[in-house]
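Encoded as structure tokens, the structure appears first; notes follow it.
All values reported here derive from a predicted model rather than from experimental measurement. Chain identifiers are assigned alphabetically (A, B, ...) following the order of the sequence lines, protein sequences preceding nucleic acid strands; residue numbering begins at 1 within each chain.
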There are 2 protein chains.
Amino acid sequence: MSKVLIFGHQNPDTDAIGAAIAFAQLQKAMDVDAEAVALGTPSEETQFALDHFQLTAPRVITAVKPETSDVMLVDHNEFQQSVSDIAEVNILSVVDHHRIANFETANPLYYRAEPVGCTSTIIYKMYREMEAEITKEIAGIMLSAIISDTLLFKSPTCTPEDVNAAEKLAEIAEVDLESYGLAMLKAGTNLSDKSAEGLLDLDAKSFPMADKTVRIAQVNTVDLKEVFDRQSELEAAMKAESEEKGYDLFLLIATDILNSNSELLVTGEPVAKVETAFNTTLTNNRALLPGVVSRKKQVVPQLTAAFNN
Amino acid sequence: MSKVLIFGHQNPDTDAIGAAIAFAQLQKAMDVDAEAVALGTPSEETQFALDHFQLTAPRVITAVKPETSDVMLVDHNEFQQSVSDIAEVNILSVVDHHRIANFETANPLYYRAEPVGCTSTIIYKMYREMEAEITKEIAGIMLSAIISDTLLFKSPTCTPEDVNAAEKLAEIAEVDLESYGLAMLKAGTNLSDKSAEGLLDLDAKSFPMADKTVRIAQVNTVDLKEVFDRQSELEAAMKAESEEKGYDLFLLIATDILNSNSELLVTGEPVAKVETAFNTTLTNNRALLPGVVSRKKQVVPQLTAAFNN
């Protein structure tokens with residue numbers, strides 16, 4: 001087997017980077033020549049976690065084929081969220097907690113998906129199953145990923161398995177789960193020094209729905225007003241990016257991590273599908289979504305259903 | 001959760017039926033209201049295994065929605081190999097050992113794929129991981145599936161994990177692996193009461209290659225002569241089916257399960273690609289392929305390569 005590159009999705013969040021680091025370590029323990037890489041630089045939240053546990057950010061790649069033909073994917077499977085030449089390389093393994101779509105291989109492979117809150121929760125289980133050692137640093141980055149994906153267990157995507165894994169990992173990582181978790185999440189809510197474009201790109205994914213391409217960006221904040229003070233600037237950037245990249249519909253979900261609500265900002269068409277999906281009416285292109293914090297569980301399926309009806 | 005139907009692919013083989021029975025039993029042990037069903041009746045080989053372990057053939061279904069909305073798939077994932085209304089139901093879980101293609105879900109799910117020789121090998125591992133009891137009957141049907149998919153470990157798709165699982169299961173099932181295995185495989189080679197059309201349809205798949213459609217049927221036998229005594233009848237049926245369905249090239253692989261060789265019968269064009277693929281010359285439309293037993297590993301890739309050159 002040639003060298004194996006392991007990476008999460010584009011616009012990596014803490015799980016995309018943390019799961020890649022942890023899974024690469026597990027593969028190395030099984031004598032695979034694996035390297036964790038990333039399809040982008042860490043967010044401030046992720047950098048906070050890396051710094052805390054004295055880990056180095058994975059090298060950023062834009063293509064696989066110049067280096068190797070073998071890859072393993074974590075925290076994603078849809079090709080449009082992956083590396084540019086994913087369709088031309090050999091996918092040996094996938095560990096993920098998302099729906100499966102726009103994914104295809106020529107050969108049989110390892111695929112481990114579970115409907116839990118975080119990929120790192122599954123990787124924690126794999127370490128346990130293989131009786132592999134979890135170092136303090138690896139425990140720390142997996143813990144950070146779980147806190148990030150579950151918003152400190154407040155997301156409806158969070159399962160008892162995520163909570164259990166996080167508690168065990170916090171012990172190994174020697175941190176207080178609550179205080180470390182809140183400090184890490186807050187580190188990711190500093191939006192003031194970011195351009196509108198940068199903010200939209202922090203955690204954004206594209207989804208084909210019917211014959212449209214839908215872009216859904218999400219930002220965490222402790223102050224929704226701070227986000228919407230920049231509404232006109234954000235809308236202009238959403239329209240410009242849609243023009244450039246061919247998105248039909250662009251949703252920005254601003255999530256208040258303290259109160260577990262989100263406010264939506266929408267550009268493009270068809271807006272009617274958004275209103276149907278959330279049973280709401282947009283006012284000034286905005287709508288409050290009480291209790292919504294998860295793009296995966298509370299936004300994508302609802303919007304997909306609206307598009308398919 | 002509503003009732004869950006668990007099933008393997010169309011034209012079910014022993015793994016498609018055995019894995020469904022075993023996985024349904026495992027789900028029931030976890031208090032899921034699961035029922036193993038099938039997308040077709042058992043082959044004679046499968047019926048031999050069911051009879052030996054006093055199991056009942058799963059009920060045959062043609063659609064899910066009249067009964068429930070929740071399904072789990074074993075031994076397949078491609079929608080065109082599944083139940084007619086698969087795209088309209090909720091797939092909770094998949095256990096499989098094939099490539100992933102033509103598969104999509106709206107929601108996160110359990111997906112467990114490993115590149116081993118048989119789905120039942122993965123399900124055996126899951127029983128172990130969950131520390132669930134494996135009864136004699138369930139051990140027997142999982143063992144039968146592994147013997148069937150690996151041709152008693154002679155197929156190049158067989159891995160050490162398949163051999164290990166089969167040996168453990170044979171102990172629980174209280175059978176001698178070799179003698180039971182050979183008896184079961186032989187039960188599937190009774191071709192004498194089948195029409196030429198029925199024989200060609202036992203285990204056949206179509207493959208697009210370059211701009212041609214290639215049909216590849218496989219039958220197991222303990223007596224190649226018995227098959228080729230019917231050569232003219234088989235050729236006529238292959239030509240008639242090609243005419244009707246638009247196949248350009250039709251290959252029948254008759255596999256001698258005792259000696260692990262196959263003999264090929266070919267109709268249609270381009271015959272030259274077949275000769276290139278297997279580095280042979282057809283005589284009377286036939287060629288012996290020493291050591292060839294696996295369509296997936298020893299026929300399709302070679303023929304694909306010949307068509308692409």
Side-chain angles (χ1 to χ4, degrees), chain A residues 1 73 75-79 87 90-119 121-122 125-126 128-131 149 156-157 159 161 207-209 294-309, chain B residues 1 15 70 72-73 75-80 86-88 90-119 121-122 125-126 128-131 149 155-159 161-162 207-208 294 296-297 300-301 304-305 308:
Chain A
M1 196 190 299
L73 309 185
D75 198 31
H76 75 297
N77 68 83
E78 303 195 38
F79 279 9
N90 190 23
I91 304 170
L92 300 177
S93 189
V94 178
V95 187
D96 192 20
H97 66 128
H98 295 90
R99 71 167 191 165
I100 299 177
N102 311 303
F103 178 83
E104 184 169 303
T105 64
N107 297 301
L109 74 164
Y110 286 95
Y111 201 112
R112 175 86 172 246
E114 299 186 17
V116 294
C118 182
T119 303
T121 298
I122 306 168
K125 288 171 68 176
M126 295 172 87
R128 289 301 191 208
E129 287 164 11
M130 297 178 191
E131 297 179 359
D149 267 15
T157 59
T159 69
E161 293 204 75
F207 300 86
M209 293 188 186
S294 165
R295 174 173 52 199
K296 184 163 71 171
K297 278 225 169 176
Q298 298 172 297
V299 177
V300 173
Q302 290 73 6
L303 204 53
T304 303
F307 268 90
N308 290 342
N309 283 330
Chain B
M1 196 191 298
D15 193 29
D70 292 330
M72 299 184 182
L73 309 185
D75 198 31
H76 75 298
N77 66 85
E78 302 194 39
F79 279 9
Q80 77 275 11
I86 187 66
E88 299 161 61
N90 191 24
I91 304 169
L92 300 177
S93 190
V94 179
V95 187
D96 191 20
H97 68 130
H98 295 91
R99 72 169 192 160
I100 299 176
N102 310 306
F103 178 81
E104 182 170 303
T105 64
N107 296 302
L109 73 164
Y110 285 95
Y111 201 111
R112 176 86 172 248
E114 298 187 17
V116 293
C118 180
T119 303
T121 298
I122 307 168
K125 289 171 68 176
M126 297 172 85
R128 289 301 190 208
E129 287 163 10
M130 296 179 191
E131 298 179 359
D149 268 14
S155 169
T157 58
C158 186
T159 70
E161 292 204 76
D162 298 300
F207 300 86
S294 167
K296 183 161 70 172
K297 285 220 167 178
V300 173
T304 303
N308 291 340

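- Environment of CD in B/Q80: crowded, with over 12 heavy atoms of neighbouring residues, nucleotides or ligands closer than 6.0 Å.
- For residues 98-109 of chain A, a heavy-atom distance under 4.5 Å to chain B picks out A/H98, A/R99, A/I100, A/A101, A/N102, A/F103, A/E104, A/T105, A/A106, A/N107, A/P108, A/L109, given by residue number.
- Only the side chain of A/K296 comes within contact range of chain B, with at least one heavy atom under 4.5 Å from a heavy atom of that chain.
- Residue pairs meeting the side chain to side chain donor-acceptor pair (under 3.5 Å) criterion with at least one partner in residues 300-309 of chain A, sequence neighbours excluded, do not occur; the list is empty.
- Take A/K125 and apply the side chain to side chain contact (heavy atoms under 4.5 Å, CB included) test, not counting sequence neighbours, and it matches A/R112, A/E114, A/E129, A/E161.
- Listed by chain and number, the residues in a side chain to side chain contact (heavy atoms under 4.5 Å, CB included) with A/S93 are A/F23, A/M72, A/Y110 (sequence neighbours excluded).
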